[in-house]
Participant: 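Input: one structure, supplied below.
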Amino acid sequence: MKNPTKITKAQDGRLLVPDCPIIPYIEGDGIGPDIWKATRMVIDAAVKCAFNDQKRIQWLELDVGEKGFQKTGEYLSDAALKSIQDHVVAIKGPLTTPVGKGIRSLNVTIRQKLDLYACVRPVRYIDPVPSPMKHPQKINMVVFRENTEDLYAGIEWRAGSAEAESVINFLEQKMGAVVPAHAGIGIKPISAANTKRLVAAAIAYAMDQNLPSVTLMHKGNIMKFTEGAFSTWGYEVARERFGDRTITEAEVYEKHNGRAPEGKIVIKDRIADMLFQQVLLRPEEFSVIATPNLNGDYISDALAAQVGGLGMAPGANIGDTCACFEATHGTAPKYAGLDKVNPGSLILSGAMMLDYMGWGKAAESIRQALQATIKAGVVTYDLARQMEGATEVKCSEFAQALVSRIG
């Protein structure tokens, strides 16, 4: 086995992954240490089994969140951010957002500081996870959520503050707007450059995975110059960069009698509230959804609920220089240290990470073991209370059950 070394990127963007990559991890707050221990156990077992000890991961802990504040006085240090960037690939548990002090959101800050502009959230049913849907197996989508702007850019001012009053005065006196007195103010920036790189990533993913469509989700009928522009710019980048591989939904019906030509990815758009209905009523019609930040937050969680909840929902934040894979749920502090909660979200995010590294054999063994374990009725409390005849196990025991089924 070679010495541990960093993952790097070639000039053409390809990941160069050594046999023993150093991968930074953040345990996270609350239940983070519990689910991270379970996840690490599963990832290490999958890599060992898939590659016969020829590959392994050297883990590097970063002190971020409450642990970081206790050790260094910082919730998120510049050194931790630089380490993620230098090592290209990282994984993290859930982080608490400080209340009333410090930075607004550690998760948002990591995404913005490292320009991890694409939040990628696959949503797929794992049989027999309890679901409120009659046919959850029809749900198989990937959400590409823009991560760096929209209302989550953090440009806002408290009601009654001098800053808010100044903005209100400007809007009323210079722009002719009518704003309620003493309102809180937020700014919603959406740009062509950031929209196009997000939609391009979604289309490239659809091409790589041989998926039939990319849907642009927006509320452009009301917010015409932000979300409406998101849709317009999405169509533009499809035409400019992928014109030989894409076709608009309108062209499919106007020129091809409603049937997309072989090898073409259909680019379509849906108003946000309409799409919420359609992913319930006709989920099979959607494969990749590209969306601004706020819409993406809502639709990815709503889709996760259809296949069993956030406990089984993986996610990643990916940019041009590095990527950070993460649990998509919160810290659940009342369960901290109880070895109780479902580690499925972080485990599946770990499988996404292995796929991203090109270690797909190990990733698939994790997904198959997870499916087999749940199929056998061996589950944590959240699923056990919904599955008749299930055996409830601890977080660590669930991980051990997966390890026993790997390979």
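When reading the values below, keep in mind they use all heavy atoms of this one structure, side chains included, and skip hydrogens, waters and symmetry mates.
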Participant: Taking N147's backbone N and O only, do any of them form a donor-acceptor pair with Q112's side chain (distance below 3.5 Å, no angle check)?
Facilitator: no
Participant: Would you mind listing every side-chain hydrogen bond (donor to acceptor under 3.5 Å, both in side chains) that reaches into residues 264-282, with sequence neighbours excluded?
Facilitator: H218-D269, K219-D273, Y235-D269, E249-R270, R270-Q278, R282-E285
Participant: Below 6.0 angstrom between ring centroids: does that apply to Y335 and Y381?
Facilitator: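 Aromatic pair counts; centres sit under 6.0 Å.
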Participant: Tell me whether the centres of the aromatic rings in F276 and Y298 are closer together than 6.0 Å.
Facilitator: no
Participant: How are the rings of F69 and Y75 set relative to one another: parallel (under 30°), tilted (30 to 60°) or perpendicular (over 60°)?
Facilitator: parallel
Participant: With sequence neighbours left out, write down each residue that passes salt bridge (charged side-chain N to carboxylate O under 4.0 Å, His left out) with D63, or none if nothing qualifies.
Facilitator: K71
Participant: Just by modelled atom types, is the E74 backbone N or O under 3.5 Å from a matching donor or acceptor in the S77 side chain?
Facilitator: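 No.
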Participant: Do the side chains of E392 and R385 get close enough for a salt bridge, i.e. N-O under 4.0 angstrom?
Facilitator: no
Participant: Mark yes when over 12 heavy atoms from residues, nucleotides or ligands other than K82 sit less than 6.0 Å from its NZ; otherwise mark no.
Facilitator: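 It does not: K82 NZ has 12 such atoms or fewer within range.
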Participant: Between K92 and D29 (salt bridge meaning N to carboxylate O under 4.0 Å), is one present in this structure?
Facilitator: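 Salt bridge: no.
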Participant: Is a side-chain donor or acceptor of S161 paired with a backbone partner of W157 at a separation under 3.5 angstrom?
Facilitator: no
Participant: Decide, yes or no, whether a salt bridge links K48 with D44 under the criterion of side-chain N to carboxylate O below 4.0 Å.
Facilitator: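 D44 and K48: not salt-bridged.
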Participant: Using 4.0 Å as the upper bound for N to carboxylate O, is an ion pair formed by E163 and R158?
Facilitator: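 No, no charged N to carboxylate O under 4.0 Å.
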Participant: By the ring-ring contact (aromatic ring centres under 6.0 Å, His included) test, which pairs, at least two apart or in different chains, include something from residues 117-145?
Facilitator: F144-Y205
Participant: Is any side-chain N of the basic residue among R121 and D301 closer than 4.0 Å to the acidic one's carboxylate O?
Facilitator: yes
Participant: If you measure from the Lys or Arg side-chain nitrogens to the Asp or Glu carboxylate oxygens, is any gap between D150 and R145 under 4.0 Å?
Facilitator: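 So D150 does not pair with R145 through a salt bridge.
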Participant: Between S404 (side chain) and A401 (backbone), is there a donor-acceptor pair under 3.5 Å?
Facilitator: yes
Participant: Does any N or O in the side chain of E397 come within less than 3.5 Å of the main-chain N or O of K394, such that one atom is a donor and the other an acceptor?
Facilitator: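 It does hold such a pair.
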Participant: Quick check: are there more than 12 heavy atoms from other residues, nucleotides or ligands sitting under 6.0 Å from CG of D127?
Facilitator: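 For D127, atom CG is crowded (more than 12 foreign heavy atoms under 6.0 Å).
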